[in-house]
Amino acid sequence: MATSKISMVAFMVMLVSISLVPPQVNAKVTCEQVTMWLTPCIGYSVVGGVVPAACCQGIKTCIAAKKTVEDRRMGCNCVKDLAAKIPGLNYDRVNEIPGICGITAPYKISPSLDCTK
């Protein structure tokens, strides 16, 4: 029961956060899209367990959608900013997910990630 409450709180934080992130004028991928693709990963990132297939698919979709430098920077900033707002997020777990899914991630998520590079 505690796991579902934590997941629900994390999901609510993500939804509220979407409204606080300014739109990226020239980016084709939006923070809202990134959030929706990566939401299935929140449960594992907070409490562990099994990485859902929907999480792996969301990461693949997110990486494939970011075709321009602007899209990649926006996606990086979006993930970094939203991750910081999830209570109990375990960055080690977050960074394990791509390997578990058989995906090569372009960067490791951390509070100090520099999205300009």
Side-chain angles (χ1 to χ4, degrees):
M1 189 60 142
T3 301
S4 65
K5 285 184 181 182
I6 290 171
S7 295
M8 182 57 77
V9 168
F11 182 69
M12 295 298 280
V13 168
M14 292 287 272
L15 289 178
V16 170
S17 298
I18 289 172
S19 65
L20 301 176
V21 177
Q24 302 294 321
V25 177
N26 296 323
K28 293 179 184 170
V29 177
T30 67
C31 191
E32 291 84 2
Q33 288 172 304
V34 172
T35 300
M36 293 306 292
W37 292 326
L38 301 181
T39 295
C41 303
I42 295 172
Y44 178 83
S45 299
V46 174
V47 297
V50 176
V51 175
C55 170
C56 295
Q57 185 57 49
I59 294 171
K60 289 176 187 175
T61 301
C62 187
I63 291 171
K66 294 186 238 169
K67 302 211 181 289
T68 68
V69 171
E70 290 172 1
D71 287 336
R72 288 189 289 276
R73 284 189 182 140
M74 184 285 310
C76 176
N77 281 311
C78 179
V79 170
K80 177 182 170 184
D81 294 346
L82 294 176
K85 296 173 184 167
I86 299 174
L89 184 79
N90 181 318
Y91 284 95
D92 289 333
R93 281 196 205 113
V94 169
N95 290 308
E96 290 172 353
I97 294 173
I100 292 169
C101 295
I103 302 165
T104 301
Y107 45 78
K108 290 198 178 282
I109 305 299
S110 74
S112 61
L113 176 62
D114 182 357
C115 294
T116 64
K117 297 181 178 180

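- Atom OG1 of residue Thr35 and atom CG of residue Leu82 lie 4.5 Å apart, to the nearest 0.5 angstrom.
- The shortest heavy-atom contact between Arg93 and Tyr44 is CD-O, 3.0 Å.
- In this structure, CG in Asn77 is found 9.0 Å from CG in Asp114, a value given to the nearest 0.5 Å.
- The shortest non-hydrogen separation linking Met74 to Val34 is CE-CG2, 4.1 Å.
- Closest heavy-atom contact between Ile63 and Ala105: CD1-CA, 4.5 Å.
- Shown here are the side chain to side chain donor-acceptor pair (under 3.5 Å) partners of Lys80, two or more places apart in sequence or in another chain: there are none.
- Taking each heavy atom of Trp37 and Ala65 in turn, the nearest pair found is CH2-CB, 3.5 Å.
- Among all heavy-atom pairs drawn from Lys67 and Arg72, the shortest one is O-NH1, 3.1 Å.
- Separating the OG1 atom in Thr30 from the CD atom in Glu32 is a distance of 4.5 Å, to the nearest 0.5 Å.
- The CD1 atom of Ile42 lies 7.5 Å from the OG atom of Ser45; values are rounded to the nearest 0.5 Å.
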Before giving the answer on side chain to side chain contact (heavy atoms under 4.5 Å, CB included), spell out for Val94 and Cys41 the whole-Å C-alpha distance, their side-chain angles and the decisive distance to 0.1 Å.
CA-CA 8 Å; Val94 169; Cys41 303; over 6 Å; no

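- Looking only at distances, a side-chain donor or acceptor of Asp71 sits under 3.5 Å from a matching main-chain atom of Val29.
- A distance-only check finds a donor-acceptor pair linking the side chain of Asn95 to the backbone of Ile109 [under 3.5 Å].
- Nearest heavy-atom pair across Leu113 and Lys108 is CD1-O, 3.6 Å.
- With contacts defined as side-chain heavy-atom distances shorter than 4.5 Å, the pair Tyr107/Cys115 does not qualify.
- Between Cys55 and Cys101, the two SG sulfurs stay at or beyond 2.5 Å from each other.
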